[in-house]
Amino acid sequence: MKNNSNTNAIPDLHTQALELAQNYRRCELALIEILERIEAGKTHLRMGYSSLFVYATQALELSEAVSYALIQVMRKSREIPELKTEIAAGTLTVSKAKRIVSVITPINKTEWVNKAKTMSKAVLEKEVANVTGEMPKTEFLKPIAEDRTRLRMDLSEDAASELRRAQVLLSTSKHRNMSLEETLSELTKFYLKHKDPLRKNVKKSSSPPKEKDPLKCFSFGDRNKRSELCPGTIVRRAIPSAIRTQVWKRDGGACQFRGLMGKKCQEVRGIEIHHARPWSMGGNHALENLTLRCRRHHHELHHAKK
Ligand SMILES: [Zn+2]
Ligand SMILES: [Zn+2]
């Protein structure tokens, strides 16, 4: 009797699993649609997240892979609405749709949607690689033990030969064979020592601002990014390097934008220095007038519709 009831329960469980899988796909589609509205309204930026990806991984606590797939498919669906139609119909999964995002166009969409619907993921990835000429990116940095992290990535031939060359030079100077890990570590230390604003020492006497190079006003990293200057600040003097370093140290090298509900952005990529009172309105390079912003929040501050 007992055995019989167990056997009978299997199709029932299968029906439930099928139903849940359908719900799961509906949720994915609903998420794609709501992410689209969030991006259009810049809700994530106003809440203090520097990008939609950061919002999805931090605020929604989705995994990086899932966030990436949803966002990629959402953006591509604007050009190819069929992606969403197929997902809604249950004939295409988000993870397969993500794999064809880099190759699908309005002209070849029927062909690629069909491939995504019928091929296995592995075969589909190879098909995409045949077109793009590159194997799917498998770059990751993931913790594997308390004090160890695994790095996996593909390198171009140039990058690989430069890395090998650095390894040879380093091995020569250290009089022993240096591993790739040691080489990478030395290269990183060397770069950070010279380029990381957080590691610079504040000079005692701040030198007067140099008249030349007026465009080096707030973008610490890339002084060629002229288009990202604060509006109305084309002709002005550079922020003294001692002040810049102090701003970086005080703000910990992270965006200080506070979003709705008080969430501080804290993004550390693409950091720029912002004048609270603009230079064009009499603002100066005093420490209190300067603060760090990530590129997105800095852009919003200057270009958001008032
Ligand atoms: Zn600014
Ligand atoms: Zn920010």
Side-chain angles (χ1 to χ4, degrees), residues 34-62 64 67-68 70-71 74-75 195-198 200 206 209-306:
I34 202 137
L35 284 174
E36 186 159 23
R37 289 170 59 195
I38 285 173
E39 183 163 64
K42 297 180 180 170
T43 312
H44 58 298
L45 291 177
R46 285 187 282 123
M47 286 182 71
Y49 297 93
S50 61
S51 71
L52 197 58
F53 180 77
V54 173
Y55 169 77
T57 51
Q58 291 183 9
L60 306 184
E61 295 185 19
L62 297 171
E64 292 192 354
S67 304
Y68 185 71
L70 291 173
I71 293 169
M74 177 270 281
R75 289 181 180 152
K195 293 289 186 184
D196 187 355
L198 284 178
K200 289 197 176 169
S206 97
K210 295 182 186 101
E211 286 296 344
K212 58 182 179 181
D213 201 8
L215 293 164
K216 199 175 81 179
C217 56
F218 69 72
S219 180
F220 216 107
D222 188 357
R223 70 176 73 170
N224 294 323
K225 287 217 167 269
R226 297 177 177 216
S227 60
E228 298 194 4
L229 287 166
C230 294
T233 55
I234 297 305
V235 181
R236 70 177 195 202
R237 297 191 290 190
I239 300 170
S241 71
I243 298 282
R244 286 205 308 266
T245 305
Q246 284 178 57
V247 177
W248 269 75
K249 291 207 179 224
R250 183 200 61 199
D251 292 354
C255 175
Q256 299 298 300
F257 177 85
R258 249 182 219 287
L260 306 168
M261 292 138 71
K263 194 242 169 219
K264 202 190 265 188
C265 173
Q266 295 289 25
E267 175 61 75
V268 294
R269 297 181 199 209
I271 292 300
E272 300 171 344
I273 297 179
H274 168 65
H275 291 76
R277 187 180 168 86
W279 184 262
S280 56
M281 291 169 68
N284 56 19
H285 294 329
L287 190 56
E288 317 77 67
N289 192 41
L290 301 173
T291 174
L292 296 187
R293 286 282 184 276
C294 69
R295 205 160 280 155
R296 291 302 304 275
H297 280 131
H298 198 192
H299 183 88
E300 277 305 300
L301 269 171
H302 289 286
H303 300 279
K305 284 180 205 139
K306 303 244 162 78

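Start at 1 and go down the list; that is how both ligands and their atoms are numbered.
- Closest to the Zn ion (ligand 1) among the N, O or S atoms of His302 is NE2.
- His274 places a side-chain heavy atom less than 4.5 Å from the side chain of His302.
- For CZ of Arg269, the number of neighbouring non-hydrogen atoms (other residues, nucleotides, ligands) closer than 6.0 Å is 12 at most.
- Metal site remark for the Zn ion (ligand 1): His275 contributes no N, O or S atom at a distance under 2.8 Å.
- No other N/O/S atom of His297 lies as close to the Zn ion (ligand 2) as ND1 does.
- Nearest N, O or S atom of His274 to the Zn ion (ligand 1): atom ND1.
- Side-chain contact between Glu267 and Phe257 is absent, with no heavy atoms from C-beta onward closer than 4.5 Å.
- Remark: at the Zn ion (ligand 2), atom SG from Cys265 and atom SG from Cys294 enclose 120°, rounded to the nearest 10 degrees.
- Under the 4.5 Å side-chain criterion, counting only non-hydrogen atoms from C-beta, Arg250 is in contact with Thr291.
- Salt bridge annotation for Arg75-Glu39: present, with a cationic side-chain nitrogen under 4.0 angstrom from a carboxylate oxygen.
- Between the Zn ion (ligand 1) and the N, O or S atoms of His298, the shortest distance is to NE2.
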